[in-house]
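We number each residue from 1, following the sequence as shown. No hydrogens, no waters, no symmetry mates; every other heavy atom, side chains included, goes into these values.
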Amino acid sequence: MNDMKLFQKNSLINLWRTIRYNLKIIFAGKFIWFLLASFAFYLFFAIMQVFNNQAIGEGDIYNLIMFPGVLLVFYPSVFGIQNDEDSRILEILFGIPNYRYKVWLVRLIMVFVQVFILLIAYGYISSILLYPVNPFEMAFQLMFPIGFLGAAAFMFSTVIKNGNGTAVVMILIGVALLILSENLQRSQWNIFLNPLELPENFNPIIWSSIVTRNRIFLGVGMVIFLLYGLFNLQKRERFV
């Protein structure tokens, strides 16, 4: 019995060390700064909401948390491959069988889980300071566009193989998507569709159908981006 407890304890310690080590590599020791920047943007937008003296609802909270959430997933998705190369462990990782499943897929899952937890925290803070929302539902809905953009950034990082270059491409894509979102406001193809904000004079049943199709589109797109990025990582000669 004691041996079993000791084994479980050691397993948990090793798991925690593995998670901490991989997160340190993913964020290159800069996670705290991105977390602070994300929270600073959240506070700034929240204060602007209050000063505008407008009625705040669930849709406003969704928009409020969107950008801080994107910021959290941006760095590890864009600079992850470059951080591996800078840490001189890329060659080692390519020597691991089934590289794409055992290393980077696990890392991406860790990043998304961490972002999801932080989104729940933002939801709780918003419920206290601004408007009562369901933090879990809010975080779940936000993970669709944030996960889509994070997966797209990861895919482009495997194609461009440079963090700064990938960042420029993703910023340009983000600006283009924001511009297009005005014309696609009520379309299932709108990446930034707000499912918690029913347009005026719009049938709720039709809106629910649009939101469902939009979430399917974002979910499928995220999976395709991830698989294509992981497939690119199998081409060792392109990275080493």
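Hydrophobic clustering of Ile, Leu, Val, Met, Phe, Trp and Tyr side chains at less than 4.5 Å, counting indirect connections, unites W189 with F192. L129 and L196 fall within a single hydrophobic cluster, where Ile, Leu, Val, Met, Phe, Trp and Tyr are joined by side-chain heavy atoms under 4.5 Å apart, directly or via other members. Using a 4.5 Å cut-off between side-chain heavy atoms of Ile, Leu, Val, Met, Phe, Trp and Tyr, with links allowed through other members, V113 and F154 fall into the same hydrophobic cluster. No chain of hydrophobic side-chain contacts below 4.5 Å, direct or via other Ile, Leu, Val, Met, Phe, Trp or Tyr residues, connects I224 to M222. With hydrophobic clusters built from ILVMFWY side chains whose heavy atoms lie under 4.5 angstrom apart, F44 shares a cluster with I125.
In terms of modelled atom types and a separation under 3.5 Å, the side chain of S208 and the main chain of P204 share no donor-acceptor contact. Remark: the backbone N or O of V133 is paired with a side-chain donor or acceptor of S127 at under 3.5 angstrom. In this structure a side-chain-to-backbone donor-acceptor pair under 3.5 Å is present from S38 to P68.
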Check against side chain to side chain contact (heavy atoms under 4.5 Å, CB included), L72 and Q114:
CA-CA 9 Å; L72 286 171; Q114 185 168 265; over 6 Å; no
Is there a side chain to side chain contact (heavy atoms under 4.5 Å, CB included) between V73 and L149 once you walk through the steps?
CA-CA 8 Å; V73 81; L149 293 173; 5.6 Å; no
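Two residues are said to be in side-chain contact when any heavy atoms from C-beta on lie closer than 4.5 Å; Y131 and D60 fail this criterion. Between L193 and F144, the closest side-chain pair of non-hydrogen atoms is not below 4.5 Å. Between F156 and I173 there is a side-chain heavy-atom pair separated by less than 4.5 Å. Side-chain contact between I146 and L119: present, with at least one pair of heavy atoms (C-beta onward) separated by less than 4.5 Å. F116 places none of its side-chain heavy atoms less than 4.5 Å from the side chain of L142. The side-chain heavy atoms of N190 and I210, taken from C-beta on, include no pair separated by under 4.5 Å. Inter-residue side-chain proximity for E197 and Y62 is flagged as unmet; no heavy-atom pair is nearer than 4.5 Å.
The minimum heavy-atom distance linking L130 with A46 is given by the pair CD1-CB, 4.0 Å. Shown here for W207 and P195, the closest heavy-atom pair between the two residues is NE1-O, 3.6 Å. The two atoms that bring M138 and I65 nearest to each other are CG-CD1, 4.1 Å, heavy atoms only. Nearest heavy atom pair, residue M66 against residue P145, reads CE-CG, 3.6 Å.
Using modelled atom types, one finds no donor on one side chain facing an acceptor on the other under 3.5 Å when comparing R215 with Q188. At a cut-off of 3.5 Å, with distance as the only test, a side-chain donor of N194 or N63 sits close to an acceptor on the other residue.
Of the inter-residue distances, the one linking I61 atom CD1 with Y122 atom OH reads 13.5 Å to the nearest 0.5 angstrom. Atoms CE and OG, on M170 and S157 in that order, are 10.0 Å from each other to the nearest 0.5 Å. With rounding to the nearest 0.5 Å, the separation of CG in L226 from CE in M155 is 10.0 Å. With values rounded to the nearest 0.5 angstrom, F39 atom CZ is found 7.5 Å from Y42 atom OH. Here the CG-CD1 distance, from L178 to I191, works out to 10.5 Å after rounding to the nearest 0.5 Å. We find the CG-OG1 distance between L230 and T158 to be 8.5 Å, quoted to the nearest 0.5 Å.
Annotation: F67, atom CZ; neighbour count of heavy atoms from other residues, nucleotides and ligands within 6.0 Å is above 12. Open room surrounds CD1 on I205; 12 or fewer heavy atoms of other groups in view lie less than 6.0 Å from it. In this structure, F45 places its CZ atom where more than 12 heavy-atom neighbours from other residues, nucleotides or ligands lie under 6.0 Å away.
In summary, the aromatic rings of F148 and F225 are positioned with their centroids under 6.0 Å apart.
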